[in-house]
Every structure is written in structure tokens, then in C-alpha cells.
Amino acid sequence: MTSQEAARELLREFPVVDGHNDLPWALREQVRYDLDARDIAADQSAHLHTDIPRLRAGGVGAQYWSVYVRTDAPDPVAATLEQIDCVRQLLTRHPEDLRPALTAADMEAARGEGRIASLMGAEGGHSIANSLGTLRGLYGLGVRYMTLTHNDNVDWADSATDEPKAGGLTAFGRAVVREMNRLGMLVDLSHVAATTMRDALDASSAPVIFSHSSARAVCDHPRNVPDDVLERLPANGGMAMVTFVPKFVLQAAVDWTAEADENMRAHGFHHLDTTAEAMKVHRAFEERHPRPVATVSTVADHLDHMREVAGVNHLGIGGDYDGTAFTPDGLADVSGYPNLLAELLDRGWSKADLAKLTWKNAVRVLDAAEDVARGLQATRSPSNATIESLDPPEV
């Protein structure tokens with residue numbers, strides 16, 4: 001049996017739980033949620049990284065759909081609700097393939113039924129507008145993790161890619177983490193500054209996740225996880241889900257991306273814009289300056305390092321498909337996961353280790369967060385703290 005065949009056989013029993021997919025944002029940007037125009041029951045490879053046939057081909061058994069909105073959205077709460085509505089519409093349209101999931105038990109039930117467990121994660125604390133009541137509202141609508149920041153700081157937490165302001169988490173930021181613990185909502189530390197990572201680990205009584213981050217020791221980008229933070233995951237019980245984005249996994253791509261982003265801004269586009277007009281600018285730049293290409297091996301290098309530092313019980317996968325303009329060779333879209341597993345098999349990873357990477361760790365972490373929440377809810381009422389009370393402005 002070839003490594004590729006062995007990988008596909010393993011995925012039939014222990015499919016991939018992917019921590020982060022931006023399909024709802026792509027549907028918003030491309031067709032304003034016209035799901036007939038982007039029917040994911042059919043091949044959408046001309047427009048998207050994601051559709052049901054390729055999810056099936058890739059061995060995906062559970063997906064955290066990101067309900068991300070930009071930090072400069074005029075009404076981020078309303079936009080997040082629209083994203084949640086998009087996911088719900090997808091679940092209604094494709095019940096034979098996608099199963100709503102809120103709990104670890106739901107994930108296992110979906111696996112037993114041969115459907116793809118569909119969970120949601122909010123990307124950026126701006127989505128709650130400094131309101132613990134809004135946080136609870138998102139949880140009630142099915143959101144099961146929240147990334148504390150996106151690319152910009154929020155009032156109570158520092159981002160990895162903004163100028164430090166809070167020095168990590170403020171008092172209200174710690175209250176957000178505690179309320180997430182009480183709810184059973186996973187604290188996601190992708191995108192946050194290393195100081196915020198450490199503060200959140202100090203504040204959290206439940207396992208944390210990194211829904212789509214790689215190893216900073218392998219590629220020195222602030223979006224990646226430093227070794228001292230990876231070393232804390234075993235005691236916390238959490239997990240880091242490796243991402244495939246070339247500018248986070250390949251050092252040469254980090255440097256190239258800085259130049260490409262500046263070119264986008266010079267042409268009047270946001271550097272994360274993936275509309276057709278923006279991509280024309282990207283492609284023209286790439287013709288003049290060939291893009292360094294990451295590969296399956298590049299991603300495997302991160303996983304090898306992360307396994308050495310954090311241990312195999314604390315790793316997962318978060319590809320960030322439809323949230324990035326570029327992908328590695330061999331991981332072009334959601335059908336590529338078997339290629340990564342085959343590479344890891346060739347590197348000596350056992351099938352037991354791969355089962356943890358793809359499925360078992362993610363289910364365990366959500367189950368543990370639910371268990372912590374049950375204990376906290378027995379002793380703690382919902383917090384009505386405000387940012388004004390906990391982080392009073394300096395006089």
C-alpha cells in the first residue's frame with residue numbers, strides 16, 4: 001500500500017477536523033450570499049477552494065466555518081450575524097452532506113452518519129463590540145470559538161500584527177476569557193500577540209486553541225506560535241492547528257508578501273482583498289516578482305517541530321482555505337489533506353499519531369471545554385461586567 005493509499009484509508013476512519021475555513025466570507029465577497037451562483041454541491045474550483053465534492057475527496061469530517069468580518073466593518077455585530085446566517089443557509093441546502101454541530105458528541109454523531117460536522121468560529125473580538133451579552137448571543141447562535149483579535153487590536157487585547165497597546169489582555173479581556181470558559185466557547189489564540197497568548201493561558205481554566213497558526217521557530221512571522229507558548233499546551237490541554245498559508249509557513253514568502261502587500265496598498269486595495277480586480281493586481285505583481293512556493297513538505301516541517309515541542313496530543317489542522325489568495329503546492333484546496341498525511345507517514349508518523357492530528361485531538365479539546373463549562377455554570381452566574389467598569393479610561 002502506498003503512503004497515499006494509507007492516508008486515504010486512515011481518513012475514512014478518522015477524517016480531518018479543520019479549524020478554519022473562510023468560505024462564508026468568500027460567498028459574501030463574491031456573490032453576496034447568492035448560493036445558487038456558488039452552489040457548493042458542484043465543483044467550484046474556478047472560484048473557491050471549497051465545495052462538497054472536494055471536502056469529500058480531502059477526507060474532511062468536521063469543519064469550523066469562520067464567521068469572520070473585517071475589523072473596519074461599520075457594524076461588525078450585524079455583519080457577523082449575516083455570516084452566521086450564511087452558514088445556516090448552507091446547512092439547510094445540503095443536509096445530506098453537512099450536519100450542524102455544537103458539541104463533541106455532535107461531531108462523533110456526524111462521523112457515524114458519514115456527514116461533515118459543521119461548527120462555527122468567530123474571528124476577532126471586534127465581533128462582540130465590547131459586550132459580554134453579545135458574546136453570549138453568539139454562543140447561543142452556535143459559535144463555538146472566538147479568535148480574540150484579528151489583524152488589528154481590540155480595546156481589550158493586542159493583535160500579532162498591530163502596534164502593542166494593552167500589553168496583552170486588559171482586565172476586561174481576562175473577563176472575556178473567563179466568560180468564554182463559562183459558556184464552553186473555545187478561546188482561539190490565532191492572530192493574537194504573544195503577550196496576549198500568554199495572558200490568555202494564564203486566565204483560561206479550559207483548553208485553548210490556535211485555529212490556524214504554525215510554528216514561529218520554523219518561520220519567523222508574528223502570526224505563528226513561539227515555542228514557549230507551544231510548551232504550555234500540554235498543561236493547558238489545548239491544541240495548535242497548523243495552517244497552510246505560504247506567508248506563514250515559508251520565510252521567503254514572508255518577505256515576498258510584505259512587498260506584495262505594499263503593492264496592493266499602492267493600487268488602492270486592502271492587502272487582504274481577494275476580489276477579481278484585486279487579484280489582477282496581485283497576479284501582475286507576481287509576474288514581475290515570482291512568488292516563492294511553499295509545498296506539503298514545508299507544512300510538514302512545522303508539524304514535525306510542533307510535535308517535538310508540544311507533543312502529538314496537542315496538534316491539529318486549520319488550512320485557512322478561502323481566506324488566502326495563495327496555497328502550497330499539493331495543498332491547493334480542501335482536497336489536498338491526504339497529501340499532507342502521506343508526507344507525514346513517509347516521515348515516520350504512526351497511524352495512531354495521525355488519528356490524533358486529524359480527529360481525536362479536536363474532539364477531545366471541545367469535550368474538555370464543555371466539561372469545564374458545566375462545572376463553572378454550577379458555581380458562576382453570567383458576567384455583566386463592562387469594559388468601562390474594568391478598564392476605566394485614564395484621567
Side-chain angles (χ1 to χ4, degrees), residues 3-31 33-66 68 86-87 89-101 107 110-111 113-121 211-212 241-246 274 279 293-296 299 316-344 354 357-359 362:
S3 298
Q4 184 75 212
E5 290 168 339
R8 292 183 183 279
E9 180 180 85
L10 183 139
L11 286 169
R12 283 191 283 274
E13 184 174 3
F14 297 106
V16 167
V17 180
D18 184 276
H20 194 87
N21 183 301
D22 277 301
L23 175 65
W25 181 254
L27 293 172
R28 179 187 180 95
E29 288 286 277
Q30 291 184 21
V31 293
Y33 305 129
D34 181 350
L35 302 186
D36 291 322
R38 294 287 186 273
D39 182 3
I40 64 167
D43 178 16
Q44 294 295 328
S45 56
H47 309 287
L48 300 166
H49 295 145
T50 309
D51 53 49
I52 290 170
R54 285 180 289 167
L55 287 167
R56 294 297 197 183
V60 177
Q63 181 66 67
Y64 278 95
W65 301 108
S66 175
Y68 158 80
C86 175
V87 174
Q89 289 189 54
L90 290 171
L91 299 183
T92 299
R93 287 173 67 100
H94 307 290
E96 293 185 0
D97 294 291
L98 305 179
R99 185 192 197 277
M107 295 171 74
R111 182 168 70 123
E113 297 164 1
R115 292 196 285 170
I116 300 167
S118 292
L119 307 100
M120 288 184 281
S211 66
H212 57 309
M241 308 176 88
V242 69
T243 194
F244 304 161
V245 179
T274 56
M279 291 309 297
V293 178
T295 66
V296 173
V299 177
I317 296 171
D320 201 11
Y321 286 117
D322 284 306
T324 177
F326 304 114
T327 54
D329 278 2
L331 294 168
D333 55 43
V334 295
S335 67
Y337 301 100
N339 298 332
L340 177 59
L341 266 62
E343 173 72 18
L344 295 173
L354 291 178
L357 174 73
T358 59
W359 182 264

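All of these numbers come straight from a predicted model, not from anything done at the bench.
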Without placing hydrogens or testing angles, list every side-chain donor-acceptor pair under 3.5 Å for residues 323-331, not counting sequence neighbours.
| residue | atom | partner | partner atom | Å |
| --- | --- | --- | --- | --- |
| T324 | OG1 | F326 | N | 3.4 |
| T324 | OG1 | F326 | O | 2.9 |
| T327 | OG1 | A332 | O | 3.3 |

Handout entry: Ion pair check, R93 and D36, cut-off under 4.0 Å
Key = yes
Exercise for the section: Determine the sole option in T243, V245, L340 for which the side chain to side chain contact (heavy atoms under 4.5 Å, CB included) test with V299 is passed. Expected result: L340
Exercise for the section: Go through the structure and list residues passing side-chain hydrogen bond (donor to acceptor under 3.5 Å, both in side chains) with W65, not counting sequence neighbours. Expected result: S118
Completion exercise
When every non-hydrogen atom of D18 is compared with those of G319, the smallest separation belongs to OD2-N, 2.8 Å
Exercise for the section: Sort out for me which residue in W25, F244, Y321 forms a ring-ring contact (aromatic ring centres under 6.0 Å, His included) with H49. Expected result: Y321
Practice task
Mind listing the closest non-hydrogen atom pair of S66 and P24 along with its distance?
Solution key: O-CG, 3.4 Å
Exercise for the section: Please name the pair of heavy atoms, one in Q4 and one in P338, separated by the smallest distance, quoted to 0.1 Å. Expected result: OE1-CB, 3.3 Å
Fill in the blank from the handout: d(R99 CZ, L119 CG) to nearest 0.5 Å is 10.5 Å
Exercise for the section: Determine yes or no for a side-chain-to-main-chain donor-acceptor pair under 3.5 angstrom, with Q30 supplying the side chain and H47 the backbone. Expected result: yes
Completion exercise
Residues R56 and G114: closest non-hydrogen pair is NH1-O, 2.8 Å
Completion exercise
For D39 and H94, the nearest pair of non-hydrogen atoms, with its separation, is OD1-CE1, 3.5 Å
Practice task
Go through Q63 and V16 one step at a time and tell me if the side-chain contact (heavy atoms from CB on, under 4.5 Å) criterion holds.
Solution key: CA-CA 8 Å; Q63 181 66 67; V16 167; over 6 Å; no
Problem - Closest approach of L48 to R54 (non-hydrogen atoms, all atoms of both residues) - result: O-NH2, 2.8 Å
Practice task
Please lay out, stage by stage, how D97 and L55 fare under the test side-chain contact (heavy atoms from CB on, under 4.5 Å).
Solution key: CA-CA 10 Å; D97 294 291; L55 287 167; over 6 Å; no
Handout entry: From CG (L98) to CD1 (I116), nearest 0.5 Å
Key = 5.5 Å
Problem - side-chain hydrogen bond (donor to acceptor under 3.5 Å, both in side chains) partners for N21, two or more places apart - result: T50
Exercise for the section: With rounding to the nearest 0.5 Å, note down the distance linking OH in Y337 to CD1 in I317. Expected result: 7.0 Å
Exercise for the section: Using modelled atom types only, decide if a donor and an acceptor are shared between the side chain of R111 and the backbone of E13 within a distance under 3.5 Å. Expected result: yes
Practice task
Quick one: pull up NE2 in H212 and NE2 in H20 and give me the separation to the nearest 0.5 Å.
Solution key: 3.5 Å
Handout entry: Distance, nearest 0.5 Å, that separates CG of L344 from OG of S3
Key = 10.5 Å
Practice task
Please check if the side chain of T358 supplies one atom and the backbone of F14 the other of a donor-acceptor pair under 3.5 Å.
Solution key: yes
Exercise for the section: Could you check if a side-chain atom of M107 sits within less than 4.5 angstrom of a side-chain atom of W359, using non-hydrogen atoms only? Expected result: yes
Handout entry: Intermediate values then yes/no, side-chain contact (heavy atoms from CB on, under 4.5 Å), D51 and D333
Key = CA-CA 9 Å; D51 53 49; D333 55 43; over 6 Å; no
Completion exercise
Output for pair (N339 CG, R8 CZ), nearest 0.5 Å, gives 7.0 Å
Exercise for the section: I would like to know whether Y64 and M120 meet side-chain contact (heavy atoms from CB on, under 4.5 Å); could you show each step before the answer? Expected result: CA-CA 5 Å; Y64 278 95; M120 288 184 281; over 6 Å; no
